[in-house]
J.: 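The structure is given below, and queries will be raised subsequently.
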Amino acid sequence: MTTDTPISPNSPQGGASREPSTSPTQGGDALSLLRRLAQRHQEERDAALADLSGEAENDVTVIAPSVRPAAAESGLAVPVKAVETPKATETTPTTVEPTVVAAAAPGPKKGFWGFGRRATPPAGDEAAKSASGAAPVAQAKGPQEVPPPPAKRGRWSKTARNPMLIFFNGLFTVLLIGGLLAVIVIAGSRGQFDQPGPLTQAKAVVIPNGAGVGAIADTLERAGVISSATVFELGVQMAGTTKQLKAGEFEFAAQSTPRQVMDTIMRGKAVEYSVTIPEGWSSEQVVTRLNQEQLLAGRIGSVPLEGSLLPDTYRFTRGAQREQVLDTMRRAQEKLLAEIWAKRLPGLPINSPRDLVILASIVEKETGQVDERRVVASVFINRLKRGMRLESDPTILYGLYQGKAWMEPRTIKKSELEAPNAYSTYKIPGLPPGPIANPGRAAMEAVANPETTNFLFFVADGTGGHAFADTLEQHNKNVAKWRQIEQQRQQNRVLGITNSIPAPSPPGSIQTLGAPATGAPAAAATPNGGLRPLGPASGPGLQPATR
């Protein structure tokens with residue numbers, strides 16, 4: 001009977017055995033059989049190691065397959081070689097049973113810092129090892145399906161399913177996408193903000209009061225000034241000029257870029273219009289003219305005081321208030337009157353700036369020629385110094401019709417001359433109680449600095465001007481000449497003859513520029529010129545004509 005040889009784990013080959021005592025004939029067959037079994041075991045071992053995908057082998061014990069059955073058949077005792085047996089702590093010889101292990105167990109896995117985790121052997125193996133006192137032998141296991149890790153359920157998964165969190169996540173996503181789109185749009189709009197616009201010629205557009213940048217952009221796009229309201233609005237917002245855009249009517253040049261359009265509105269260079277108030281108009285005429293102007297807004301509550309407005313050309317923008325235009329005229333009159341009053345000649349028979357305006361209004365209605373105003377003013381100044389009545393025809397008409405006196409042609413009748421009249425300078429001494437019109441700069445300057453003369457009378461000379469005289473005798477001769485001229489004009493009208501020379505205006509009349517004088521019969525002349533028929537009144541916007 002063959003006896004197994006104990007294996008020493010401390011041998012250099014990891015546990016070698018001494019050869020058993022066999023006969024020579026049996027030894028050759030047993031050795032051949034052992035080699036074939038060892039080769040077969042090596043092939044199975046290599047295949048198992050390949051299946052384990054390179055798992056660590058240092059902690060695995062692989063023992064050659066048992067050859068005891070073959071040896072038993074031959075009657076030989078065969079040595080058994082242990083392969084890669086882990087070192088034992090003690091060198092106690094153990095009897096190794098010929099056990100075949102199919103595959104090696106995987107080695108320990110490495111942790112985060114590279115340290116391995118100790119493999120925990122099955123409880124059954126531990127019990128066997130304790131009972132036999134032998135070194136542990138790892139049993140190979142076939143491939144098994146690893147179950148998936150259990151789903152984690154805890155506080156985080158509950159939070160992830162929170163409706164508020166889902167809502168805010170969605171909102172954040174929408175805002176993020178919107179922000180990206182906005183960046184793309186802004187980048188594209190910045191280039192278009194400096195591109196030429198679609199206008200082919202200059203155009204004026206009205207920006208209403210209180211309009212925001214969006215409404216302004218829409219207005220400009222509808223008018224064809226800009227191509228895109230969105231580009232204009234974004235450009236204005238990026239420039240930070242949203243609150244600097246102004247209302248009004250603005251004119252934009254052809255092919256203006258959105259930036260140039262913005263600058264035009266921001267600077268407030270609105271289109272301006274003008275209204276001309278002629279010298280010698282009454283305040284009622286001025287109010288009527290402003291009410292007829294459709295570019296102005298608002299209504300005038302009451303007619304300003306006579307003589308409180310300065311006739312001139314005034315500029316305004318579309319939609320300006322009519323009362324504002326009147327206020328501008330008042331301030332201009334106050335300023336100019338103060339300057340003229342400060343420069344008046346000493347010794348004049350006028351006691352206040354208001355007296356200066358009253359006399360200037362009479363001079364304004366008596367003549368429309370600039371070079372005659374100072375001479376006409378000297379006639380009235382000389383009469384005031386001598387205590388004579390002024391006897392000016394326009395004062396009669398204003399006393400009867402007030403501000404409407406100059407709004408239509410009128411002829412003084414004898415009944416009107418006899419009627420009570422607080423303004424008639426034929427009845428009252430000195431100046432009337434107030435101005436009879438709004439005098440202009442030239443008339444006020446003429447009264448403040450009149451010509452130095454001795455004239456006390458004047459009458460029309462038939463050429464559009466006046467003939468002046470310092471004596472009654474000379475004045476009557478001038479009146480006679482005027483009558484002859486008037487009679488000739490009447491005969492020419494009857495015969496249908498047109499005089500190539502413009503007929504002179506009768507004394508005291510007011511007519512439109514370039515219009516022929518009226519043919520109304522003149523009343524008998526008084527020593528200072530007498531009663532004179534009035535021609536047609538000047539129309540809106542026209543300068544009063546010469547007498």
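All values below were derived from every heavy atom in this structure, side-chain atoms included, with hydrogens, water molecules and symmetry-related copies excluded.
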J.: Looking at side-chain heavy atoms only, is the closest gap between Ser378 and Val375 below 4.5 Å?
T.: yes
J.: Is the backbone of Gly464 close enough, under 3.5 Å, to the side chain of Gln369 for a donor and an acceptor to pair up by distance?
T.: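 Yes, the answer is positive, given that a donor and an acceptor are paired below the 3.5 Å cut-off.
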J.: Looking only at heavy atoms, what is the nearest atom pair of Asp461 and Gly465, with distance?
T.: OD1-O, 3.0 Å
J.: Shortest non-hydrogen contact from Pro450 to Leu345?
T.: CD-CD1, 3.9 Å
J.: Hey, is the main chain of Asp194 close enough, under 3.5 Å, to the side chain of Thr257 for a donor-acceptor pair?
T.: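 No, because the side chain of Thr257 does not come within donor-acceptor range (under 3.5 Å) of the backbone of Asp194.
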J.: With sequence neighbours excluded, give me every salt bridge (charged side-chain N to carboxylate O under 4.0 Å, His left out) pair touching residues 242-255.
T.: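 Applying salt bridge (charged side-chain N to carboxylate O under 4.0 Å, His left out) to every pair that reaches into residues 242-255, excluding sequence neighbours, yields Glu249-Arg318.
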J.: Salt bridge or not for Glu445 and Arg373, using N-O below 4.0 Å?
T.: no
J.: Just to verify, which of Thr219, Thr264, Leu220 counts as forming a side-chain contact (heavy atoms from CB on, under 4.5 Å) with Val225?
T.: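 The passing option is Leu220.
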J.: Could you tell me whether the side chains of Asn492 and Gln488 share a donor-acceptor contact shorter than 3.5 Å?
T.: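 There is such a pair between these side chains.
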J.: Tell me if a side-chain donor or acceptor on Arg344 pairs with a main-chain N or O of Trp341 at a distance below 3.5 Å.
T.: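 Yes; at least one donor-acceptor contact below 3.5 Å.
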J.: Could you list the residues that satisfy side chain to side chain contact (heavy atoms under 4.5 Å, CB included) with Ser302, not counting sequence neighbours?
T.: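 Ser302: no side chain to side chain contact (heavy atoms under 4.5 Å, CB included) contacts found.
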J.: Is any side-chain heavy atom of Ile277 less than 4.5 Å from a side-chain heavy atom of Met329?
T.: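 Sidechains of Met329 and Ile277: in contact.
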J.: For the residue pair Phe380 and Phe458, categorise the inter-ring angle as parallel (less than 30°), tilted (30 to 60°) or perpendicular (more than 60°).
T.: perpendicular
J.: Apply salt bridge (charged side-chain N to carboxylate O under 4.0 Å, His left out) to Asp327 and list each qualifying residue two or more places apart in sequence or on a separate chain.
T.: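 By the salt bridge (charged side-chain N to carboxylate O under 4.0 Å, His left out) rule, Asp327 matches Arg330.
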J.: Among residues at least two apart in sequence or on other chains, which ones pass side chain to side chain contact (heavy atoms under 4.5 Å, CB included) with Ala211?
T.: Pro208, Ala215, Ile216
J.: Output, in order, the C-alpha distance, side-chain angles, deciding distance and verdict of side chain to side chain contact (heavy atoms under 4.5 Å, CB included) for Thr242 and Gln237.
T.: CA-CA 6 Å; Thr242 303; Gln237 292 177 350; 4.0 Å; yes
J.: Residues two or more places apart in sequence or in another chain: which of them pass side-chain hydrogen bond (donor to acceptor under 3.5 Å, both in side chains) with Glu372?
T.: Thr367, His466
J.: Yes or no on side-chain hydrogen bond (donor to acceptor under 3.5 Å, both in side chains) for Thr395 and Ser424, after CA distance, side-chain angles and deciding distance?
T.: CA-CA 5 Å; Thr395 60; Ser424 176; 5.0 Å; no
J.: Is Arg386 reaching over with its side chain to a backbone N or O of Leu456, donor-acceptor style, under 3.5 angstrom?
T.: no
J.: Do the side chain of Asn209 and the main chain of Ala247 share a donor and acceptor less than 3.5 angstrom apart?
T.: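 Answer holds: no.
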J.: Less than 4.0 Å between a side-chain N and a carboxylate O, is that true for Lys343 and Glu339?
T.: no
J.: Can any side-chain N or O of Lys365 pair as donor or acceptor with the backbone N or O of Gly280 at less than 3.5 Å?
T.: yes
J.: Would you mind telling me which of Thr317, Leu290, Asn291 makes a side-chain contact (heavy atoms from CB on, under 4.5 Å) with Leu296?
T.: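 When side-chain contact (heavy atoms from CB on, under 4.5 Å) is applied between Leu296 and each of Thr317, Leu290, Asn291, only Leu290 qualifies.
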J.: Taking all heavy atoms of Gly462 and all of Ile485, pick out the closest pair and write down the distance.
T.: CA-CD1, 3.7 Å
J.: Looking only at heavy atoms, which two atoms of Ala229 and Glu221 are closest? And how far apart?
T.: CB-OE1, 3.1 Å
J.: Quiz question: by atom type and distance under 3.5 Å, do the side chains of Asn421 and Tyr426 form a donor-acceptor pair?
T.: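 Not at all, the side chains of Asn421 and Tyr426 share no donor-acceptor pair under 3.5 Å.
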J.: Classify the angle between the aromatic ring planes of Tyr423 and Tyr398 as parallel (below 30°), tilted (30 to 60°) or perpendicular (above 60°).
T.: perpendicular
J.: Let me know which of Glu284, Glu416, Glu408 forms a side chain to side chain donor-acceptor pair (under 3.5 Å) with Tyr401.
T.: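 Single pass found, and it is Glu416.
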J.: Could you list the donor-acceptor pairs under 3.5 angstrom formed between side-chain atoms of residues 427-440 and any protein atom two or more places apart in sequence or on another chain?
T.:
{"unit_1": "Asn438", "atom_1": "OD1", "unit_2": "Gly307", "atom_2": "N", "d": "2.9"}
{"unit_1": "Asn438", "atom_1": "OD1", "unit_2": "Ser308", "atom_2": "N", "d": "3.3"}
{"unit_1": "Asn438", "atom_1": "OD1", "unit_2": "Leu309", "atom_2": "N", "d": "3.1"}
{"unit_1": "Asn438", "atom_1": "ND2", "unit_2": "Trp281", "atom_2": "O", "d": "2.9"}
{"unit_1": "Asn438", "atom_1": "ND2", "unit_2": "Ser283", "atom_2": "OG", "d": "3.3"}
{"unit_1": "Asn438", "atom_1": "ND2", "unit_2": "Glu306", "atom_2": "OE2", "d": "3.4"}

J.: Are Arg383 and Phe457 in a cation-pi setup, meaning NZ or CZ lies under 6.0 angstrom from the ring centre and within 45 degrees of the ring axis?
T.: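 Yes.
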J.: Go through it in stages, so that I can follow the logic: the residues are Phe316 and Val275, the test is side chain to side chain contact (heavy atoms under 4.5 Å, CB included), and I'd like the CA-CA distance, side-chain angles, deciding distance and then a yes or no.
T.: CA-CA 8 Å; Phe316 62 92; Val275 57; 4.0 Å; yes
J.: Mind listing the closest non-hydrogen atom pair of Phe193 and Val231 along with its distance?
T.: CD1-O, 3.8 Å
J.: Calculate, to the nearest 0.5 Å, the distance between atoms NZ and CD belonging to Lys413 and Glu418 respectively.
T.: 14.5 Å
J.: Is there side-chain contact between Leu359 and Arg354, with at least one heavy-atom pair below 4.5 Å?
T.: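 Leu359 does not reach Arg354 side chain to side chain.
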J.: To check you understand the geometry: which heavy-atom pair defines the closest contact between Ala217 and Ile226, and what is its length?
T.: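 Looking at all heavy atoms of both residues, the closest pair is O-CD1, 3.7 Å.
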J.: Do Ile300 and Glu323 come within less than 4.5 Å of each other through their side chains, counting heavy atoms only?
T.: yes
J.: Return yes if some donor-acceptor pair links the side-chain N/O of Gln285 with the main-chain N/O of Ser282 below 3.5 Å, else return no.
T.: yes
